[in-house]
Protein chains: 2
Amino acid sequence: MALHHEAPIRVGLLGAGTVGSQTARLLVEQKDELSQRIGRDIELGGVACLDPDEVDFPWIDRSLLTSDTMAVATNADIVVELIGGLEPARTFVLAAIESGASVVTANKALLAKHGPEIYQAAADKGVDIYFEAAVGGAIPIVRPLRESLVGDKVTSMLGIVNGTTNYILDEMTTKGLDFDVALRDAQARGYAEADPTGDIEGHDAANKAAIMATLGFHTNVGIDDVTVEGITRITADDIAAAAAEHKVVKLLAVVENGEAGVSARVYPALIDENHPLASVHGSFNAVFVKAEAADDLMFYGRGAGGAPTASAVVGDVVTVARHIAQGCTGPVIPMYNDLPKAPIEASKAAFAVRFLIHDKPGVLAAIAAEFAKRGVSINGVNQDLKPTLHDPGYSGELQQLRIVTHLTDEATLRDTVKAVCELDFVTGEPSILRVLD
Amino acid sequence: MALHHEAPIRVGLLGAGTVGSQTARLLVEQKDELSQRIGRDIELGGVACLDPDEVDFPWIDRSLLTSDTMAVATNADIVVELIGGLEPARTFVLAAIESGASVVTANKALLAKHGPEIYQAAADKGVDIYFEAAVGGAIPIVRPLRESLVGDKVTSMLGIVNGTTNYILDEMTTKGLDFDVALRDAQARGYAEADPTGDIEGHDAANKAAIMATLGFHTNVGIDDVTVEGITRITADDIAAAAAEHKVVKLLAVVENGEAGVSARVYPALIDENHPLASVHGSFNAVFVKAEAADDLMFYGRGAGGAPTASAVVGDVVTVARHIAQGCTGPVIPMYNDLPKAPIEASKAAFAVRFLIHDKPGVLAAIAAEFAKRGVSINGVNQDLKPTLHDPGYSGELQQLRIVTHLTDEATLRDTVKAVCELDFVTGEPSILRVLD
Ligand SMILES: NC(=O)c1ccc[n+]([C@@H]2O[C@H](COP(=O)([O-])OP(=O)(O)OC[C@H]3O[C@@H](n4cnc5c(N)ncnc54)[C@H](OP(=O)(O)O)[C@@H]3O)[C@@H](O)[C@H]2O)c1
Ligand SMILES: NC(=O)c1ccc[n+]([C@@H]2O[C@H](COP(=O)([O-])OP(=O)(O)OC[C@H]3O[C@@H](n4cnc5c(N)ncnc54)[C@H](OP(=O)(O)O)[C@@H]3O)[C@@H](O)[C@H]2O)c1
C-alpha cells in the first residue's frame, strides 16, 4: 500500500542477530501502521550481516541481505546499528552520519566510549542519533531523560540494568547456589553468554551508567569515569548473611550529581527485601530516578531479549522518520554542564564486611579498635555465621565475623579493612559489600 | 541573558493555582537552561487567573498577571492551560489553537470529554497539543505511549491513577478505618478536596482511563465509554476479608484491547499483596503496560502535587518550544483504528461476593445452587467472617458469607447475586469486588 507520493523513507539495518532480526520483523509486519504514524511510507531497504547465507527469517526478503555493510550504512535515510561492540560499529555509524543518515542504535558500549564523537558528528551534520534500547532494553528511559525531565533537575539514578547478573544473583538467592554453579546454569539456559565477562564483571552495567549520567546531568560521563565492581566475588555466604538480615544482594548502577561532583558507579549492594528494586527478578530491569520537582520515578520492564529490545528500536525509528518527513531533528544530547567528577574518597556509604577469623578471646575488641581508630562507626556485629566450603581460605577451625558500619567514606573503610586483615588471627579474603539505606 | 537573536518564544499561562504556580516557578528559575535546550530564548509572557490581586509568588512578576484570560490565550506561542474543568477551559484552548499557538495542558477532564475536537483542531492548524501531566502527574507515560511504543501493539494497561482514593484505601487498610472516617481524615490533611466526588466516585480515574485507551489503542475512547465504579461502598469488612486472604483493595483503571473490542473500566479490585501495584502507597501512581513485543512495562511516580505535575508540564513546554524553533510538530494523536467497544457482558473476571445471611442449615447449599444453576464456578467459600457495625443492614443475628468465584462474565455474576439476594435468609446489600489474578 503506497500511502504517499514521496519516495519512501529507507531503513538500512546493520546486523540480523537477536535484536536485528526482530527489528526487521516489526518493520516489515507493521509497515502500513508505521507509515501511517510517520506520514510517509517507510521501507526496509537493506540488511547487512557477516554471513547472509546463514540468515533465514521468513520476514526478511533474501534479496535485501548483503555482507557489504558499508553499502547499507551509506545508502539509507535511517541506519539502524545492531552489530554491537566498538569497531567496526563506530566506523559504520560515523559513515552513516557522514552520508546524511540519521542513526538508531542499541549499542551501549559504543556510546559509553565514543558518545561525544558520535553526538557531535550527528549535531554537525544535522541528523538524529537515537538509542532508547541502549539502556534498559524495552524500558522507555532514554526518552524521558532526554525530553520529559528537561524542565527538572535530576539528582540521582539507581538501577538494575543487567539481566544476566540479576538472574544469577536471583538463582544464588533462591537456590542457595554458589556463583560458579549459578553462572554455569545461566549459560546452559542461554541467560549468560559463553564469555560472560562483560556482564559479570559489571562492564555492561557500567556502559549504561555512563549513558544514564550523561543524559541525566548534561555532562559528559564516559565508560572510563565509571567505577566498576562485578559480582564474581559474591558467595553463597554473602547472600545467606544478607538474607538473615532481610536483605538481598543486587548489582546496581548508581549515578549521582552531588556537591562533590558527578559520580557513576556499578557495585553489588545489600538492599532491604522491601525495597522496590528487591522485587525486580530475572532478566527484568528497573531504574529509579530522583529529580528535584518530579521527586521519585521508577521505570520497569524487560531489559533484554530480541522482541522487547526491537520494540524500543522501532519506536526510535518512527520518531526519527517523522523528523525526516518534517525536515527537523530531535534534541541534541546536551553536554553543556562541565561538571567535575566526584573523587572516590567523597563517596560515603554503609558497608557490610565479612572477615574470616581464628576465634579467641579479644578478637572482636581488637578488630573494633581498628574501626574506632579511624572513626568508622559500627552499626552491628554478627559472629553467629558459620563459614562454609564456599569461602576461599576455609578451614574447619575458622569462624566468620560480620561487621556492618554506619555511613563512612570508602577510602577510610578500605584502610580499616586492610589494617584488620593484618591482625594475626584474621585470614583469607574479606568480603566488602555496600548497604543501601 | 539573550542567547539568540530571534524573538523569544512566549509562554502564556492560564491558571496560577497548585500546578500553575509551580510551572511558573520552573519556567522562571530554569529560563537559561531551558533556552539552551530549546535553541531559542523562552519567556513567560503572561499569567491569567481569576483574581490577580490574590496571587503572590516571588517568582511571578506582578506585571504579568491579568484576569483577561482570553488575551493571554491568544497572544502567545505556547499556551499552558492549568485552569481545569470543561468550560471555560475548552473555549480558551480552542481559541489558543485558532490563534496559532501550541497548547500544553494537564486537564484530563477536558481531554476525556473533548479530546477529538481539540486534537483535530490542533492537527488542522498544524500546532502541537501535549498533555503528559494529564495521566499520572509527573510520570512519563503519555510520551512513551505516543512515541516509544508506536512500533509495538499495546494490548492492555492497568493502573493506580488516583492518589486521593489510593490514600484513603491505604488508611482504611493500615488503620482499619471505615470509608467515611478515612475520607474526613484525608480532607483534613488536604489529600482530598472539600467536594471529593470526582475522586471517590472514580470519575478522575475514568478520565485518565479514557486517555490511556485512546493513546494505547489509537482509537477514540471518551469518558462516556468508561464503565466506572468508585470506592464509596468499600467497607472496613471488605478490606479485612481481603487481608485474611493476603490481598489488598485498590482502585484500578483497566483498559484492554481484546477480541470483543476495546474496554475501559475503573473499579476497586482485590489484588495479591505481592503484586507490584499492592506496594504503590499514598499519593503515588503506577501504570502497568502490556505490549506484544515489549512485554510488561511499569511506570511509577508522583501522580499529583504542584511541583511534580509542573515537572511534566515544563517537559512538554520544552518539546513544543523546540518544535516551534525548528518549524515542525510532534506526532498527532492517532485515532485511525475505529475499534468496537467491547460490550460489558464480554468482560470476564473473578469476583468476591459477600452476603449477609441469617445462618441456618441448608443456607450454603441453597446459595451454591444459584451459582451452579448459572454456571458460575465457585473457587472458595468463607463463612468465618464476623459482621460488624460497618455493615449496612447489620443486626446481631446475622452472619457473613463470602464467595470467591472463578472467571465468569459480569452479567451472569450480577444475575446470580440478584437471585441469591431474593432468597429469604439473605438480607442487606451484598458487596461485589473483582479479584485480579
Ligand atoms: N540481545 C539483547 O537482548 C540486547 C539488549 C539491549 C541491547 N542490545 C545491543 O544490541 C546490539 C546487538 O545485539 P544482539 O544481541 O542482536 O547481537 P547478535 O545476536 O550477536 O547479532 C549481531 C549481528 O551483527 C552481525 N554482524 C557482526 N559484524 C558485522 C559486520 N561487520 N557487518 C554486518 N553485520 C555484522 C552479525 O552477523 P552474523 O549473524 O552473520 O554473525 C549478527 O547478525 C548490541 O549492541 C547489544 O549490546 C542487545
Ligand atoms: N493538582 C494536581 O496535583 C494536579 C495533578 C495533575 C493534573 N492536574 C490538573 O491541572 C489542572 C490545574 O489543577 P490545579 O490543582 O493547579 O488547580 P487549582 O489549584 O484549582 O488552580 C486553578 C487556577 O485556575 C485559575 N482560574 C480559574 N478559572 C479561571 C479563568 N476563567 N481564567 C483564568 N484562570 C482561571 C484559578 O484562579 P484563582 O487562583 O484566581 O482562583 C487558579 O489559579 C487541572 O486540570 C487538574 O486536573 C492537577
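The model shown is predicted, which means the values in this text are computed figures rather than measured ones. Lettering of chains follows the sequences in order, A, B, ..., and the numbering in each one begins at 1.
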Within 6.0 angstrom of B:Asp338 CG, more than 12 heavy atoms from elsewhere | no

Between A:Arg322 and chain B, which part of the residue has a heavy atom less than 4.5 Å away: side chain, backbone, both or neither?
-> side chain

Assert top hit (heavy-atom pairs under 4.5 Å, partner chain B, pool A:Glu292, A:Glu29, A:Gln30, A:Glu147) equals A:Glu147

Determine whether A:His323 and B:Cys328 make a side-chain contact, defined as any pair of heavy atoms from C-beta on separated by less than 4.5 Å.
-> no

Side chains of B:Phe299 and A:Phe299: does their closest heavy-atom pair fall under 4.5 Å?
-> yes

Looking only at B:Thr23, B:Leu27, B:Asp152, most heavy-atom pairs under 4.5 Å shared with chain A are made by B:Asp152

Under 4.5 Å from any heavy atom of chain B - which part of A:Ser279 = neither

Evaluate the side-chain proximity of B:Phe284 to A:Asp296: yes if any heavy-atom separation is below 4.5 Å, no if none is.
-> yes

What residue, out of A:Gly306, A:Ala293, A:Gly301, A:Gly330, has the most heavy-atom pairs lying under 4.5 Å from chain B?
-> A:Ala293

Of the listed A:Pro144, A:Ala138, A:Gly327, A:Ala294, the one with the largest count of heavy-atom pairs under 4.5 Å with chain B is A:Ala294

Roughly how far, to the nearest 0.5 Å, is OG of A:Ser311 from CG of B:Leu297?
-> 7.0 Å

Residue, of A:Thr329, A:Val317, A:Val314, that accumulates the most heavy atom pairs under 4.5 Å with chain B = A:Thr329

Considering only heavy atoms and a distance below 4.5 Å, find which of B:Ser148, B:Gly315, B:Ala307 pairs most often with chain A.
-> B:Ser148

Segment of A:Asn337 engaging chain B (4.5 angstrom heavy-atom cut-off) = side chain

Minimum heavy-atom distance between A:Gly151 and B:Leu34, given as atom pair plus value | CA-CD2, 3.7 Å

OH (A:Tyr191) with more than 12 external heavy atoms under 6.0 Å | no

Approximate separation, where rounding is to 0.5 Å, of A:Arg37 CZ and B:His218 NE2 | 4.0 Å

With side chains defined as the heavy atoms from C-beta onward, is the minimum distance between B:Pro334 and A:Gln36 less than 4.5 Å?
-> no

